[in-house]
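Heads up: the structure comes next, in structure tokens.
Owing to the predicted nature of the structure, the values given are computational and were not obtained by experimental measurement. First listed ligand is number 1; within each ligand, the first listed atom is number 1.
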Amino acid sequence: MAKDSKLVEIGKHKIELTNLDKILYPDDHVIKAQIIEYYLRIAPTILRHIKGRALSFIRYPDGIDGEQFFQKNKPDWAPDWIESAKLGKEKKNYIIAINEATLVWTANLAAIEIHQAQSRQPDFDKPDYFVIDLDPPDGYPFERIIQMALDCKIHLESYGYIPFVKTTGRKSVHIVVPLETLYTYDEIAAATQEIGKSFVKKYPETTTLKIAKGARPDKVLIDIYRNRESQTIAAPYSLRALPGATVSMPITWEQLENTSAITDYNIENALQMVLDEGDAWESIGAYATELHTKRTKIHTTGKAPESLEKYKQKREFQRTPEPDASYAAGSGNAFVVHRHHASRLHYDLRLEQDGVLKSWAVPKGLPPRPGIKRLAVQTEDHPLKYLDFHGSIPKGEYGGGDMWIYARGKYQISKTKKNGFYFRLQSKALSAEYRIHDTGNNQWLLERVENPQIDYLLQPIEPMLAESAKKVPVSSDYLYEVKWDGIRAIITIDDGVITIRSRNQKDITTQFPELCIPEEAFRISTACFDAEIVCLDDAGKPIFKDVIRRLFHKTEGAIERASKKTPAVCYLFDCLYLDGRPLVNEPWWQRREWLTDSIKPGTSYRISQAMEDGKALFEAAKQMGLEGIVAKEVNGFYYPGKRSAVWTKVKVRETIDCVILGYTKGKGDRSSLFGAMHIAREENGTYKYLGKVGTGWDAKKMKEIFETLQSVDTCDRYIDEKPLDDAETTWIKPELYCEVRYASVTSAGTLREPVFVRLRLDIG
Ligand code: MN
């Protein structure tokens, strides 16, 4: 094996990676290892779009300034597990990417650019979108491309389409319109010809349909000619072989308006954008429409499909709000997942087939990742009207209980197998490929085929933080909760295994045995909750020092004794993931409803109550000596790791969490300890000096603080300001936090009358 080569295992496949240090982008110093890493890490998102498509690659073995090779055929020497399909008149054997390993293998060939066909397995002859490429002359200003794209969007919307946009990574944008997979290339080419013509007619000065460059020195080619067989476009999230290591980036229309240049999206930031803001094209297939030239009139008849007999027999339509069994027109490929809290909580997966909804009850919910098989019991077919049904079925009726729409969109069958099939769900709530197969007696097994880009159960989630305010914001947009004074915790339950992490991502599960009761406390199989762990006194008031102490017991015996002496209670206030789907983009009232439905009563887990009268709650918090309250926007989303005005905290006393940067030498009776602590506010890795705090402790407490201070490594001063007593100061690494009460802030930004309240060993 060559010196800079490496054997890696991706999924089930071993791949030898070679020339990892080879520089492929000389100006940007990007080496091959970075290309491979990019494609591996963004694989869950890119595969959502390219899986099942014929791919061609452009390889740059000597870097982007060297010779380039088109790879349209799968090479003979490719490993057996690389899938391919023979397509087109020339019967080329195109590579089909099916997993992370395929992308790593192609990246290792220095296949920097991935180009995709417009159709997808199994419908290779029927594209699932059409594309318009705005092709400008050289040097055309990008802001004019943006304006033209926005004009084109309006033009397409006037036909009833829902267009999406991505940068090409080269000089322009692709406008992509998802289609039902019903039409041939020829039919689509004809329809886009008409769209192109009428657009150019509207903007004759700036646009053209003529391909020859001479015919259009200063006009933008409205390139509708990619919608033909054997034509390709740069795949979403493909790197481009251009200086800046640009990415062909799917973005929202709003992001397009704020884009300043093609190079805004590149190998350095594309993945992080997806992790922070999600995939702008996540549910693109859910917006597929019919081709405007082929739209059919919807026919409805009063006749119910025969297979709905069972559905009718089981129900009394005078007593249940469920829809009757009459016929309704459908799109042919709709799906819905219901969360159904009947006598036993379960989920119902329903796929439109032959004019009805084929239905399966999935007791444990959709599997969160590959490798987990979930039982799915086939139940009676439901009418299409059930796609929109949600509500309460009265107790005593068939299926009595609450029914929520958990996810709703479109699906495609991606592969048919003996006794089952693969299908891809696309919706705002959930986009992933699953496999379901019949094991007999109506018992099916459901599996997820693809890895999620963010696994909320395995990757530590950072909690969202609140902004501070002095006064309670009053509006019907808010509900109000007590600000619980304890340890902020993210709690995950993954198939019966509970993990509790503190705000600084430490696993503190073993410190709280009384909270490790997944079966007893929860009505879910997988979930991620945001919560506060507290120890309460007899009056129900949280005692911070009791709960903090719980973090420092080391032996099993000591932990067990502490759990008896100062038992913890966990107040749950948010749900970020539940039984197979993330909830962060659901409004809070909806997350709360599902949170409430997921918790069994009478355990150490409680729901933090939300109140309508913020002022009254604040007064009550003051009376009881609680820390404060939090106002939360009823429709607000959850932004992991961000400080957001969606939540506003109002404290009874004015305090701030500060990082301790150092301490001064003590004088007099403090000469064996320390004098005061230098404190600062941390903001995105920079430190804003707040002055010193030198009171707020007794002799015993001071000794404890000093011991903690001495346990932190010393270092150079972290702030630019040089305080007068710099020479007397021991500067320490910014690892230790404390809470400080103060009267006001000076014009210099330091705290007036600061008083130490407590160390915050749970953050930082
Ligand atoms: Mn059900």
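To the nearest 10 degrees, the angle centred on the Mn ion (ligand 1) between OD2 in D348 and NE2 in H346 reads 90°.
Remark: R295 qualifies as a cation-pi partner of Y161 under the 6.0 Å distance and 45° angle criteria applied to the six-membered ring.
Counted within 6.0 Å of CZ on R488, heavy atoms from surrounding residues, nucleotides or ligands total more than 12; the atom is thus considered enclosed.
Coordination check, H338 versus the Mn ion (ligand 1): failed, since every N/O/S atom of the residue sits at 2.8 Å or beyond.
The Mn ion (ligand 1) sits nearest to atom ND1 when only the N, O or S atoms of H340 are considered.
For D381 and S359, the side-chain atoms include no donor-acceptor pair closer than 3.5 Å.
Exactly one residue among E481, E532, R606 makes a side chain to side chain donor-acceptor pair (under 3.5 Å) with Y571. That residue is R606.
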